[in-house]
Amino acid sequence: MIFARGQGESSPRLRQPDAIVVGSGPNGLAAALTMARAGLRVQVFEGAQEAGGGCRTAELTLPGFAHDVCSAVHPLALASPFFAGLDLAAHGVRLLTPKVALTHPLDGGRAAAVSGTVAQTAARLGADAQAYRRLMEPLVRDRDSVLSLALGPLRSVPDRPVAAARFGLQGVLPARLLARRLQTDEGRALFAGVASHSLRPLSAPMTGAFGLTFLLLAHATGWPVVEGGSARLIDAMTSELTGLGGEIVTGTWIERLDQLPPARAVLLDITPRQLLAMAGERLPAGFRRAMQRFRYGPGVCKVDWALDGPVPWQNEACREAGTVHVGGTLAEVARCEADVSAGRHPDRPFCLVAQPGVVDPSRAPAGRHTLWGYCHVPGGSGVDMSERVEAQIERFAPGFRDRILARSVRTATDIERYNPSYVGGDIAAGAATLRQTIGRPTLRWNPYRTPLPGVYLCSGSTPPGGGVHGMCGLWAASTALRDLHIEAPPTDHCEPSVHRAGAR
Ligand SMILES: Cc1cc2nc3c(=O)[nH]c(=O)nc-3n(C[C@H](O)[C@H](O)[C@H](O)COP(=O)(O)OP(=O)(O)OC[C@H]3O[C@@H](n4cnc5c(N)ncnc54)[C@H](O)[C@@H]3O)c2cc1C
């Protein structure tokens, strides 16, 4: 049962819980479900009035317009072993995959478009056809190994070391360098756009891995949205959890660990900064220093629009795409990301735009559409970037502004206010630096354990990092179960689900 309880009222409704989870984001709920499936009594405490963290849907603009407040596009959920173990269809959840996964428009009505197989996408890239096939075909062939690595806890020996090494050696490269394997404006811009999901300058190591992984996902699973909104994923998770006897207490912010009722395991869906506030002096000095060194990435400024029709993109493929990367050439995108990393707000920002209406008419009244978008900004920014974002969309879709019925804007500081796990507006719960890829949140054999017995981190600040995949929660809970000498549910060693989705 989900019920709200005011802060300070701490008497648990459950008989003494075996496991407590703080935070009900996708990772917190994945951890809770994993513990509950192992037969433990689980209680989740959520500060907000509603469960879901970065996976909620709300009428942010006008009645009848359902906007994804945070996450909207879910290739990671479709590839995730955790979600493969949750029968979404039985909960009435449908992931809808747009025919065109993503496009990247350029001036003059040109665009790169990723849809269908690698060969089909390559064929549309003209002079880059061979180079794109050389880059992507081996990855698609080895998709299970590559995605196991990308969604794994980073300490297991890959089942196919050669495939993993091939991916690792390319992925460690800066996106700028990898993009040089392509020669057309379209090919290079496409790679820059997908690599920018790293929220890092494109000259930084590891940004190549983001570009490769998100392109691989486009071919392996597509880039789906959830029919009716991302919150449906959370509804499925909460319904499964409560069906197993778990309980979610909303409206209760946990300030200190000693506020919690006793339990055999405590899993925290929070980031290192919050862990310091919650456990501070109880943590050994060395671990405390490591948590203080944890670096957050830049923030985002998010805009949601209610539109009186679809976006009038100049390029035809953009009208069918679920996601559109708006920002121009590789050089322009690279400049934006470098500006943001140097603490500057770009005049012409790189924007990630999603148009769920291409596959999901239920998001808005008949004939109308919702549009979702954000751009990167320096961490902690209070700047409203909506005019600059709209100017960028208008550049590739003249007449866009005339379609706007209403908009809702959240600056990076608003985003942190909405969810304290987005420190400074960092939507990935920590920068994807090389150091924080190898050791996230710090270098430890098992990154989910804290030095406090029975206390674990299960948020996006642990491997595999940000995104709605639930894998941080699954790996953390599997560790907790092992420590309790309880057999983990079978998903502990399962494979990515892309084979079910029919990789292309
Ligand atoms: C604007 C935006 C767009 C995004 N787009 C995408 C996308 O398209 N696709 C994608 O895969 N990912 C996307 N993400 C990222 C994704 O939402 C996150 O990576 C994901 O939600 C992380 O899950 P989590 O469970 O680790 O943490 P969160 O979802 O952040 O959940 C943490 C929860 O813990 C609660 N909490 C924190 N502290 C306390 C406390 N002290 N006491 C009680 N409760 C507490 C919070 O209220 C929150 O509900 C986006 C995020 C944002 C903000």
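One-based numbering, in listed order, for ligands and for the atoms of each.
For E387, the CD atom sits in a loose shell: 12 or fewer heavy atoms of surrounding residues, nucleotides or ligands are nearer than 6.0 Å. In the displayed structure, R449 atom CZ is contacted under 6.0 Å by more than 12 heavy atoms of other residues, nucleotides or ligands.
Aromatic rings from F400 and W305 are positioned such that their centres are separated by under 6.0 Å. A centroid separation of 6.0 Å or more is found between the aromatic rings of H197 and F210. In summary, the aromatic rings of F83 and H469 are positioned with their centroids too far apart to meet the 6.0 Å limit.
Ring pair F350/H376 is perpendicular by interplanar angle, where above 60° counts as perpendicular and below 30° as parallel.
Put simply, part of R56 is less than 4.0 Å from ligand 1, judged by heavy atoms. Assignment of C472 to the shell around ligand 1 is not supported, since no heavy atom sits closer than 4.0 Å.
Taking all heavy atoms of E46, E50, H469 into account, the minimum distance to atom 35 (C) of ligand 1 is reached by E46. Taking each of G467, G460, G473 in turn, the one with a heavy atom nearest to atom 20 (C) of ligand 1 proves to be G467. Of the listed options D269, T323, I427, D269 places a heavy atom closest to atom 27 (O) of ligand 1. Taking all heavy atoms of G470, A277, S71 into account, the minimum distance to atom 4 (C) of ligand 1 is reached by S71.
At the top of the distance list for atom 44 (N) of ligand 1, counting protein heavy atoms only, stands G47 N, 3.0 Å. Annotation: atom 45 (C) of ligand 1 to nearest protein heavy atom, W253 CZ3, 3.5 Å.
For V22, no nitrogen or oxygen atom sits less than 3.5 Å from a nitrogen or oxygen atom of ligand 1, counting backbone and side chain alike. The distance criterion of under 3.5 Å between nitrogen or oxygen atoms is met by P26 with respect to ligand 1. Remark: ligand 1 and S459 share no N or O pair separated by less than 3.5 Å (distance only, no angle test). The shortest N or O to N or O distance between M278 and ligand 1 is not under 3.5 Å.
For the pair R410 and Y418, the cation-pi criterion (under 6.0 Å, within 45° of the ring axis) is fulfilled.
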